[in-house]
Amino acid sequence: MKPVRSNSSPLTGRCFPWFSIFFLLVCAFINQTLLGAQIQSPVDISLGDRALRFLQMRDYSVRIVAVGSILIGISCGMMGSFVVTRRLSLFGDTLSHAVLPGIAIGFLWVEAKDNLALLIGASMAGFLGVACVTLLKKFSKVRQDSALGLVLSGFYAIGICILTRIQKMEFGNQAGLDTYLFGQVSSLSESDLWGICISLALIVLFMTSNHRELLVSGFDLEFSKSMGLPSEAIQYAMWGLLAFCVISSLQVIGVILASALLIIPAASASLLAKRMSTYILVSALLGAIAGFVGAFLSFLGQRIPTGPLIVVVATTFFLLILFLRPSQGIIVNWLQSRRQSRQIEMENMLKAIYQVMEKQEFSEPAVRMEEVTRRRGVGKDSRAKEIESLIDSGYVSRSYEKNKFAKLPHEQFISLTPKGWENACRIVRNHRLWELYLTNEARYAADHVHEDAEKIEHVLGEETVRKIERLLSNPKKDPHGKLIPSLVDVRKGWLPEFPLNKNE
Amino acid sequence: MRNSQKPIEIHDLTVSYQKKPVLYGIDLEVEKGSLVGIIGPNGAGKSTLLKTIMNMIKPNGGYVRIFGHPPKKGISCIGYVPQRESVDWDFPVTVMDVVLMGRYGKLNWFQRIRKADRKIASECLEKVGMLHLADRQIGNLSGGQQQRVFLARALAQESQLYIMDEPFSGVDAVTEKTIVLMLKEMKKMGKTLLIVHHDLSSAKEYFDYLLLLNMRKVAYGTIQDVFSHDLLQKTYGGRLTILSEMASQTAGNREIEKEAYSTSE
């Protein structure tokens, strides 16, 4: 076996020469079985030390790794916000897979991992891939998504074939080409970093100088054409930049998952941002965090490829945002709907109490709890619980009364507090008003209105109530002949005339 | 002089779209300050006509002049309201952002949006009664509101010639009224309006001129002249089957087209 070229890993030159030779021999062995590239540092450092070493950033290599992964996160996040808003996700995926044969051929060409050769090869392959998609779309019946899938898998397969061949060759063993499959941040060199910087600079320049054109052509392509904006040129420029961005980030994230860093941060941003500028900002920020944390974890875990780690981190962020975002997060929604259904239950219970009182012609302030629960039906226990919560929130008060037949246990009585009375009146009024509105204005049959009113009563606002009252000229009775509690009833309260706890 | 020229002048325009002929030998001259409704059945080439005027589709024959200029140059004096369905409403822009897009044509590359532009955009939003929703994300609007935002954006373009693709489709009554009022007002200001419309019954009250289109120009003239049973029957009735068949064969056939061009020049 020939002595190994020392440029396969950026740091080997800085270690002791004897160790570096030994290390590379080990790597050559491990490479056969494990994916992921060579780690430059001695293996026997504890996890805490490694974490400290990374976070203190004293090593040159660690700094490169950290800066590189953050910059890649930013550029992919920015680019991704355009990819996602323009529905080009699959396009990004295709592009990243299509460059693989280019990388392999570039390597064959110079027989070493020369960045420039790889870049040229990757760009050519990427260009060829895009051209294939465009041509397929133009000259065949194959639809866009099929064309993308076709090019993606076709190019990728070719790439894998050549790559496997290279691995079997003499010079190919230590090439570290498999870093391109899953990404290995520790193989990042200074020249890689330059490439990343340049691509980020180009992206920023392009976006700041064309942000209006990008905005309008992304939102409304026809309109941008009608203004004579060069939307096609912008589209091609964007494809070019996208290719550049993907290629420069391949070493960190790998061919297979490259598009994830384009899509996931931007998709997370789409949950939060309502304007493009915030969208880009959030997406870039999330990308940067995902890149950094992923690189950190990869550094800790020695041989775990970086790409999957970055994607796992980004996905975690996405899920967190999906569940926790303030306005429409799943958890917030769930809490809201729970609160609402509680409210509705309580209102229904108050209504039931009112109806029982009404049945007794308001002769007594307190009603038998049993009667109320019977009226509400279903599950005595849960009803009792609802009453408990009504008592807790001060709508209802409870009293006990000796049973007339003395030997039976105490019976529970409940009565409405002024606050409870007001709310009960409101709900009953809403219900009956709505019934009346449906029969009189919307020409419903009287026996069709109850069910609808059961729903509407909980959402009818005061303003609408006023409107309906005016429309029906302050009605007194509902279609079933029952009295509608008036505003006076609601305000006056009914209870003060009857001392509340008269039984105690 | 731009203004002495007719806003739109179309001569013998033939357009085919993905090898299907859509327009055939159209001649049209629109006077300044006219409110024109374009009417025809589905697939009659209404949208294609608009897109050809705006240089989005290249014609196979004939020409379009906008204020005497070819479309590529004349496009700068056109304000456009595209079909509402053609847009991605989930895009992260606010109502104000969209209306400001109408001002982009007035700005140079790299120039920032000026205060005056914002003022004009606010005024246009006010006119369509949408100013209170200026910060709303565009996806959170009703269909009618979205259409009004489009109208405000067109107003912000401050153009001489307006082209609208079905602005009345799927809007509520309030919006429809707003749009009609805006159209009349714009006409009073001497602007020329070209509007694709699908509802025959309202066409009569909305427009001054009608263009009846079905692959061919069936008729063009004032409402009184054109809105007749015969002509409408001709527009919506049977297609010109032989013409469309033959045109299908020649359209997209490069050899025949090349021949035709070389002989006509």
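What you see below is based on every heavy atom in this structure, not just the backbone, and it leaves out hydrogens, waters and symmetry mates. So you know, we letter chains A, B, ... as the sequences are listed, proteins then strands, and number each from 1. Remember, it's a predicted structure, so these values are computed and weren't measured experimentally.
Looking at B:I53, neither its backbone nor its side chain comes within 4.5 Å of chain A, counting heavy atoms on both sides. With a threshold of 4.5 angstrom between heavy atoms, B:V98 approaches chain A through side-chain atoms but not through N, CA, C or O. Contacts between A:L215 and chain B at a heavy-atom distance below 4.5 Å involve backbone atoms as well as side-chain atoms.
Top candidate by heavy-atom pairs under 4.5 Å with chain A, chosen from B:L107, B:L100, B:N55, B:D165, is B:L107. If you tally non-hydrogen atom pairs under 4.5 Å between each of B:K72, B:R136, B:Q137, B:M54 and chain A, the highest count goes to B:Q137.
The minimum heavy-atom distance linking B:P92 with A:Y279 is given by the pair CG-CD1, 3.4 Å. Of all non-hydrogen atoms in A:E222 and B:S86, the two that sit nearest each other are OE2-CB, 4.1 Å.
To the nearest 0.5 Å, the span separating CG on A:L221 from CG on B:D88 amounts to 11.5 Å. Taking CE of B:M101 as the reference point, atom CE of A:M227 lies at 8.0 Å (rounded to 0.5 Å). Atom CZ of A:R212 sits about 11.5 Å away from atom CZ of B:R103, to the nearest 0.5 Å. One finds the CE atom of A:M276 at 11.0 Å from the CG atom of B:D97 (value rounded to the nearest 0.5 Å).
No more than 12 heavy-atom neighbours from other residues, nucleotides or ligands sit within 6.0 angstrom of CD on A:E463. Dense packing is recorded around CD of A:Q336, with more than 12 heavy atoms of other residues, nucleotides or ligands lying under 6.0 Å away. Annotation: A:E232, atom CD; neighbour count of heavy atoms from other residues, nucleotides and ligands within 6.0 Å does not exceed 12. Counting heavy-atom neighbours within 6.0 Å of B:F150 CZ, excluding the residue itself, gives a total above 12. Within a 6.0 Å sphere centred on NZ of B:K106, heavy atoms belonging to other residues, nucleotides or ligands number more than 12. Residue-environment remark: CZ (B:R114) exceeds the threshold of 12 foreign heavy atoms within 6.0 Å. Other residues, nucleotides and ligands contribute at most 12 non-hydrogen atoms within 6.0 Å of the CZ atom of A:R275.
For the pairing with A:K274, the side chain to side chain contact (heavy atoms under 4.5 Å, CB included) check across B:D135, B:V93, B:N140 returns one residue only, B:D135.
Relative orientation of the A:F223 and B:Y80 rings is parallel, given thresholds of 30° and 60° on the angle between their planes.
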